[in-house]
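Report on the structure given below.
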Amino acid sequence: MKNEFQIWMMIVMSAFLFACDNESVQLNYLEDAPVVATRILVDGEEMIELDPALLKDTVVIPLSYFTEELQIVKLDGRDEALTGAPYARVSDNYIVTGMSGNTPFKLFDRQGNYLADVGDIGQGPGEYQSVYHMLIDEASQRIYILPFFGSKLLTYNFEGKPCLSVPLVHERVIGKLALRGDTLLVLASPQPNNFSSCVWMQDMDGNLIYEFPTERLNFDFRGVTIFSCQNEEHVDLSFWIPQAQLDSLYEVDLEKGKLIPRFTANFKGDALKPHMYQDWPGYYVGEATGQWWQSTEDENGNPQRRLAGEIPTYYIVDKQTLKGAYYVLENDFFGGDRFESPFVLEEGYFSSCLDPGELTEKIEKALRSDRLSEQMRKRLTEVQTGITENDNNYLLYAKLKQ
């Protein structure tokens, strides 16, 4: 009987500990936040409208709340694999680092093994100079690159060789892409005297399938920047508009063939400034005070961007409860380092490329923190031991929870 009692107690305690652990995983950082939004109907579709005046306190949310475990990948150190890119795109089995100076996009597997350069920098066939968006399509074993003011989509195989380009229905396109099977969805900033639509579907031969009516977007598109995070199954669309005005984040509904406004922030008076929205699983996030971008050039004439004007503040709204607050995002994988901007989740991942010196500094700072988990402390110590100054960049990435 004694042994049975001990076994029963062990089962009860295990269940209790599991429940406690599970409760910590389900921690709701907006539990005590006020309701800051309402649901309204627009053309029979539900939209969430935020009242920014109801935003009060600031919550600090760890990156791990939104993502799975952080992965640290040491990229191949061979000369041909070297990249100075600060960003990368991650798919199920591949990594493509961004272009940097005269270094083109580079393809790696998820273990960091170098596979190929993707095309080259230049103005010749299969070459590019400035790029707005890039997609990895594992199903067709293709990499798609959309240059600024592109009239065609550059296409490469997984050996990095140019394939037949995809003609775009419209010319001089600045925008984002989404793939649905062998159908291409283009989300573009309309160009005066060229085309008026900002969303269309086409096939890979350049034939128009459907053009979404966008007459309701009655604002001047000059200087407008297109955003589409694509963190969920549906495709989202929003804008950064230099002439500050009320606008919405849209869902591109492929079945209904229309743009459905899903979220807006009803800024009033002087509070209305240029701003952005993002669509995350379970949440909408955005800016409460706008940020003005000021373009500059470096000593080599390369375009750069920096923030000018007010320091932006950011908010988060729960799609279910409509509770919300100002928030900051901290990288708890590195001991609580706070991101300057929390808009770090795109196409289902958080990712960042660091050279060995930058990573060493971040690890040293993280190891001094008393907020680092023992598991992550062990992992960072192992990585730190293997870093040399001649290493290629390291990729940090974490998959978004759904």
So that I can tick it off, tell me whether R89 and E346 are bridged by a salt bridge, with the cut-off set at under 4.0 angstrom between side-chain N and carboxylate O.
yes
Does the side chain of L359 come within less than 4.5 Å of F334's, by heavy atoms?
yes
With no hydrogens and no angle check, is any side-chain donor or acceptor of N392 less than 3.5 Å from a backbone partner on A81?
yes
Counting C-beta onward and ignoring hydrogens, is there a side-chain heavy-atom pair between D279 and E232 closer than 4.5 Å?
yes
Indicate yes or no: does K399 engage E68 in a salt bridge with an N to O separation below 4.0 Å.
no
Please lay out, stage by stage, how L63 and L345 fare under the test side chain to side chain contact (heavy atoms under 4.5 Å, CB included).
CA-CA 10 Å; L63 179 62; L345 304 177; 4.2 Å; yes
Rounded distance [0.5 Å steps], CE in M134 versus CG in L154
12.5 Å
Without swapping roles, check the side chain of R110 against the backbone of I95 for a donor-acceptor pair under 3.5 Å.
no
E80 bridged to R78 by N-O distance under 4.0 Å:
yes
Just do the side chain to side chain contact (heavy atoms under 4.5 Å, CB included) check on I316 and I61 with the steps written out, would you?
CA-CA 10 Å; I316 183 168; I61 306 179; 4.1 Å; yes
Would you give the length of the straight line joining atom OG of S91 to atom OH of Y349, rounded to the nearest 0.5 angstrom?
7.0 Å
Check the side chains of Y250 and D253 for a donor-acceptor pair under 3.5 angstrom, ignoring hydrogens and angles.
no
To the nearest 0.5 Å, what is the distance between CG on L187 and CZ on F227?
12.5 Å
Does the E49 side chain pair with the main chain of I40, one donor and one acceptor, at a distance under 3.5 Å?
no
Mind running side chain to side chain contact (heavy atoms under 4.5 Å, CB included) on D236 and N231 for me, showing each step along the way?
CA-CA 8 Å; D236 58 295; N231 285 319; over 6 Å; no
Check whether more than 12 heavy atoms from other residues, nucleotides or ligands sit under 6.0 Å from atom CD of E159, and answer yes or no.
no
Roughly how far apart are Y156 OH and C163 SG, rounded to 0.5 Å?
9.5 Å
Does atom CG of D182 have more than 12 heavy-atom neighbours from other groups under 6.0 Å away?
no
Within the distance-only criterion (no hydrogens, no angle test), does the side chain of H133 pair as donor or acceptor with the backbone N or O of L177 below 3.5 angstrom?
yes
For E382, does the CD atom have more than 12 heavy-atom neighbours from other residues, nucleotides or ligands under 6.0 Å away?
yes
Determine, step by step, whether I226 and F239 satisfy the side chain to side chain contact (heavy atoms under 4.5 Å, CB included) criterion, reporting the C-alpha distance in whole Å, the side-chain angles of both residues, the deciding distance to 0.1 Å, and the verdict.
CA-CA 5 Å; I226 296 286; F239 311 92; 3.4 Å; yes
First locate atom CG of D318, then atom NZ of K323, and finally report the distance between them rounded to the nearest 0.5 Å.
8.5 Å
Side-chain H-bond candidate by donor/acceptor type, Q230 with S228, under 3.5 Å
yes
Determine the minimum heavy-atom distance between I209 and T183, stating which atoms define it.
CD1-CG2, 3.9 Å
In terms of heavy-atom contacts, does CD of Q402 have more than 12 from other residues, nucleotides or ligands at under 6.0 Å?
yes
Modelled atom types, side-chain donor and acceptor of Y277 and R262, under 3.5 Å
no
CG/L164: more than 12 non-hydrogen atoms of other groups inside 6.0 Å:
no
Please answer whether the main-chain N or O of F108 pairs with a side-chain N or O of D76 as donor and acceptor at a distance below 3.5 Å.
no
Do S64 and D332 meet the criterion of a side-chain donor-acceptor pair at a distance under 3.5 Å?
yes
Row check, Y284 ring normal vs K319 NZ/CZ: under 6.0 Å, within 45°
yes
Report the relative orientation of the aromatic rings in F263 and Y315; use parallel for angles under 30°, tilted for 30 to 60°, perpendicular for over 60°.
tilted
Is the backbone of I363 close enough, under 3.5 Å, to the side chain of Q384 for a donor and an acceptor to pair up by distance?
no
Rounded distance [0.5 Å steps], OG1 in T388 versus NZ in K74
5.5 Å
Quick check on N207: does its CG atom have over 12 non-hydrogen neighbours (other residues, nucleotides or ligands) under 6.0 Å away?
yes
For V59, does its backbone N or O pair with a side-chain atom of Y29 as donor and acceptor, under 3.5 Å?
no
